Amino acid sequence: MYALVDCNNFFVSCERTLDSTLENKPVVVLSNNDGCVVSRSREAKKLGIPMAAPAFKYKELFKQHDVKVFSAKFELYNFKSQRVIEIATSYVDKTDFEVYSIDELFLDLTSFKYIDTHDYCVNIKNEIQDKENIPVSIGVAPTKTLCKVANRIVKDFPEKFNDGVYILDTPEKIEKALKWLNIGDVWGIGRRLAVTMHDSGVYKAWDLLQKPEMWVRKVMGIHGVRMMNELKGIRQLELDTPSPKKSIAVTRSFMQMLTKKDEVRERVETFGMYCSERLRKQNTCCKMVTVFVQTNRFRKDLPEYRNARTQILPNPTNSSILIGRVVNELFESIFEEGFHYKKAGVIVNDFVPEDQRLISLFEEDTQNQHLPVMKAMDAMNKKYGKDKVRLGSMSGQNTWGRAQMSPEYEAFLKNNTLPEANFRFH
DNA sequence: TCTGGGGTCCTAGGACCC
DNA sequence: TCTGGGGTCCTAGGACCC
């Protein structure tokens with residue numbers, strides 16, 4: 001059996017650990033720029049605030065019902081997430097788990113044949129509650145997809161399963177659950193597929209199992225067949241061991257729309273720098289860089305424009321300078337004057353480990369010259385705080401010799417304590 | 001005025017190979 | 001008249017997840 005440990009409205013629960021007066025009150029947490037609602041307490045859900053609701057549309061409702069509204073604090077959520085993971089994983093052998101997202105993890109209970117699964121899970125839940133003050137729900141079932149169903153049942157019937165644990169194991173229980181669960185709430189069925197399902201008379205998870213496998217294969221691809229089996233209790237999805245990322249994206253909406261080219265450029269260059277930092281953190285280089293820009297798609301009164309372009313690099317790199325240069329070229333090729341830009345981003349992918357780079361015979365490769373100074377920058381930012389040391393705007397000339405550093409960094413250079421860095425910036 | 005930010009996987013189709 | 005068959009790799013786009 002697998003167990004899915006899922007934190008209840010996680011971001012809100014994290015806020016409540018800081019301020020206990022928020023208990024039993026409607027609370028929501030907003031996304032970046034306070035754009036939309038990304039976490040809602042049970043009380044807030046009851047008021048009819050949907051997931052991903054744009055905050056501005058609900059301002060009145062918030063005021064009317066005295067909803068406590070918070071901007072996201074991701075450092076806090078990541079910290080609490082680690083603590084919850086540590087506790088939950090201490091209950092299984094060292095690799096018998098999968099951290100699925102910031103607020104959920106699967107545990108493999110297969111090796112515990114002689115314990116009472118229910119009591120064991122209640123202990124997990126209680127320890128997380130007592131030590132971290134984070135409420136969790138635990139769904140237990142033979143497959144990951146059914147764990148999701150079991151978890152859903154705990155959350156939807158809190159009075160019935162007030163110890164926070166539900167075990168979905170017998171065929172009878174499974175049949176009953178699947179006849180209750182709407183098809184759109186099955187793990188792997190999104191908005192699009194839900195519509196297709198309804199059009200074909202599939203309303204409950206159970207209805208899907210009555211369809212011929214060929215039909216499911218055609219409509220949903222290989223996913224669908226796996227899903228059918230998983231719902232029947234036949235295991236198709238194993239627990240994934242953590243693997244290095246395959247792509248890194250830094251994208252943001254802007255608080256205000258930007259029209260000046262240099263303002264948008266400054267944003268995408270910064271995004272490129274963050275991508276580079278994250279590449280270096282996992283000791284990989286990327287072979288592809290994508291830049292995109294877009295206007296506000298909700299503003300029908302303004303002309304719409306969106307564009308993206310990808311560059312394959314001659315040599316893999318994670319240097320902020322080299323990536324910045326490519327970002328700048330791509331940006332130049334897609335930016336159009338006369339639009340109100342709302343969002344932009346940089347995506348890097350196609351990674352190779354830092355020490356296994358294959359170098360083009362024909363292109364100059366300066367990655368290794370950049371690396372020490374980049375690592376030094378990272379070390380300083382870790383010590384003194386995010387963005388204390390950064391590249392100045394590369395201003396289209398992209399000669400890194402002219403890169404400017406922050407005043408803090410220049411002061412630091414004067415003290416002459418930068419290890420391994422033999423570069424001069426001025 | 002104000003509408004998130006990450007990720008993954010699969011498929012279809014084209015180019016190319018023998 | 002008849003015009004192969006089986007691969008791989010790459011990319012764009014679409015679906016999903018939290």
Side-chain angles (χ1 to χ4, degrees), chain A residues 4-11 28-40 49-60 62 69-72 74 77-78 81 98-106 144-145 147-148 151-152 183-197 217-227 230 236-237 240 242-257 267 271 274-275 278 282 287-288 290 292 294-302 306-312 340 342-351:
Chain A
L4 172 61
V5 181
D6 192 323
C7 301
N8 302 348
N9 38 64
F10 182 56
F11 297 170
V28 299
V29 174
L30 304 181
S31 63
N32 266 24
N33 294 344
D34 295 341
C36 46
V37 174
V38 291
S39 183
R40 306 158 294 155
I49 301 164
M51 188 60 175
F56 74 93
K57 280 192 185 168
Y58 287 84
K59 262 201 173 136
E60 272 310 303
F62 292 162
V69 180
F70 292 92
S71 300
F74 284 102
Y77 310 150
N78 281 317
S81 173
E98 173 189 345
V99 177
Y100 182 70
S101 76
I102 192 164
D103 68 342
E104 326 168 38
L105 71 158
F106 289 99
K144 290 168 97 175
T145 308
C147 281
K148 283 277 189 181
N151 212 291
R152 176 69 190 248
I183 186 72
D185 293 331
V186 174
W187 194 35
I189 302 278
R191 265 212 322 279
R192 290 303 237 286
L193 278 173
V195 171
T196 311
M197 290 294 151
R217 176 75 177 82
K218 201 171 155 217
V219 172
M220 301 178 58
I222 191 69
H223 267 325
V225 180
R226 270 190 221 138
M227 179 184 297
E230 283 258 315
Q236 306 275 290
L237 304 171
D240 283 335
S243 54
K245 286 197 193 337
K246 294 178 177 169
S247 75
I248 290 173
V250 177
T251 70
R252 290 285 182 283
S253 295
F254 311 136
M255 201 75 109
Q256 264 108 30
M257 291 186 286
R267 296 315 299 152
F271 301 158
Y274 290 159
C275 284
R278 285 158 66 177
Q282 59 172 31
K287 292 195 273 187
M288 279 167 70
T290 301
F292 72 83
Q294 51 189 254
T295 54
N296 188 344
R297 66 196 161 101
F298 297 101
R299 288 289 294 268
K300 295 303 174 199
D301 55 323
L302 294 173
R306 53 169 66 207
N307 207 347
R309 192 161 287 172
T310 300
Q311 174 83 48
I312 296 174
H340 293 71
K342 179 61 183 170
K343 187 176 179 179
V346 174
I347 303 162
V348 294
N349 47 30
D350 207 350
F351 299 157

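Reminder, nothing fancy here: chain letters follow the sequence lines and each chain counts from 1. Please read all numbers here as calculations on a predicted model, not as lab measurements.
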Between A/R217 and B/dT11, is there a side-chain N or O to OP1/OP2 distance below 4.0 Å?
yes
A/L30 versus A/V37: any side-chain heavy-atom pair under 4.5 Å?
yes
Counting any heavy atom closer than 4.0 Å, what does A/I347 reach on the DNA or RNA strands: base, sugar-phosphate only, or nothing?
nothing
Can you tell me, in whole Å, how much space there is between the P of C/dC18 and that of B/dT3?
25 Å
Tell me whether A/Q256 at atom CD has more than 12 heavy atoms from other residues, nucleotides or ligands lying less than 6.0 Å away.
no
Contact class for A/V37 (heavy atom, under 4.0 Å): base, sugar-phosphate, or nothing?
nothing
So, is A/K148 near the phosphate of C/dC18, with a side-chain N or O under 4.0 Å from OP1 or OP2?
yes
To the nearest angstrom, how far is A/N307 atom CG from C/dG13 atom C1'?
15 Å
Provide, to the nearest angstrom, the distance between the CD atom belonging to A/Q236 and the C1' atom belonging to B/dC10.
16 Å
Atom pair distance, as rounded to whole Å: CD1 in A/I183 and C1' in C/dA15:
15 Å
With DNA chain B as reference, determine whether A/K245 or A/K342 sits nearer its 5' end, using the nearest nucleotide of each.
A/K342
Mind checking A/A249 for me? I need base, sugar-phosphate or nothing, with any heavy atom below 4.0 Å counting as a touch.
sugar-phosphate
Establish, yes or no, whether a centroid distance under 6.0 Å links the rings of A/F271 and A/Y274.
no
To the nearest Å, give me how far apart CD (A/Q294) and C1' (B/dT3) are.
12 Å
Should A/P244 and A/F351 count as side-chain neighbours, where that means a heavy-atom distance under 4.5 Å?
no
Expressed as a whole number of angstroms, how long is the span from A/D103:CG to B/dG5:C1'?
15 Å
Could you state the CG-P distance from A/D6 to C/dC17, rounded to the nearest angstrom?
14 Å
OP1 or OP2 of B/dC9 versus the side-chain N and O atoms of A/K246: is any pair under 4.0 Å?
yes
Strictly below 4.0 Å: does A/R299 bring a side-chain N or O up to OP1 or OP2 of B/dT3?
no
Nearest to the side chain of A/W187, which nucleotide is it out of B/dT11, B/dC2, C/dC18?
C/dC18
If you check the A/F298 side chain, which of B/dG4, B/dT3, B/dG6 turns out closest?
B/dT3
So do the side chains of A/E98 and A/K144 get within less than 4.5 Å of each other, counting heavy atoms only?
yes
Would you mind reading off the distance between A/F254 atom CZ and B/dC2 atom C1', rounded to a whole angstrom?
16 Å
Tell me whether the OP1 or OP2 atom of B/dT3 has a side-chain N or O from A/N33 closer than 4.0 Å.
no
Have a look at A/Q256 and say if it touches a base, only the backbone sugar-phosphate, or nothing, with a 4.0 Å heavy-atom cut-off.
nothing
Just to be sure I understand the rule, does A/N296 reach a base, reach only the sugar-phosphate, or reach nothing, if contact means heavy atoms closer than 4.0 Å?
sugar-phosphate
Nearest heavy atoms of A/C275 and A/I248, plus distance in Å
SG-O, 4.1 Å
A/Y274 atom OH is separated from B/dG7 atom C1', nearest whole Å, by 20 Å
Scan A/L193 against the nucleic acid and name what it touches under 4.0 Å (heavy atoms): base, sugar-phosphate only, or nothing.
sugar-phosphate
Distance test, side-chain N/O of A/R278 to OP1/OP2 of B/dG7, below 4.0 Å:
yes
A/S253 vs B/dG4: side-chain N/O to OP1/OP2 distance below 4.0 Å
yes
Assign each of A/S247 and A/K343 to its nearest nucleotide of DNA chain B by heavy atoms, then name whichever residue's nucleotide is nearer the 5' end.
A/K343
Please check if the distance between the ring centroids of A/F11 and A/F74 is under 6.0 Å.
yes
Can you tell me the Watson-Crick or wobble partner of B/dC18, both distances under 3.5 angstrom?
C/dG5
Choosing from B/dC10, B/dT3, C/dC18, which nucleotide comes nearest the side chain of A/F56?
B/dT3
A/K57 side chain, from C-beta outward: closest of C/dC17, B/dG5, B/dT3
B/dT3
Closest to the A/R297 side chain: C/dT11, B/dG4, B/dC10?
B/dG4
Tell me what A/L30 touches on the nucleic acid: a base, only sugar-phosphate, or nothing, going by heavy atoms under 4.0 Å.
nothing
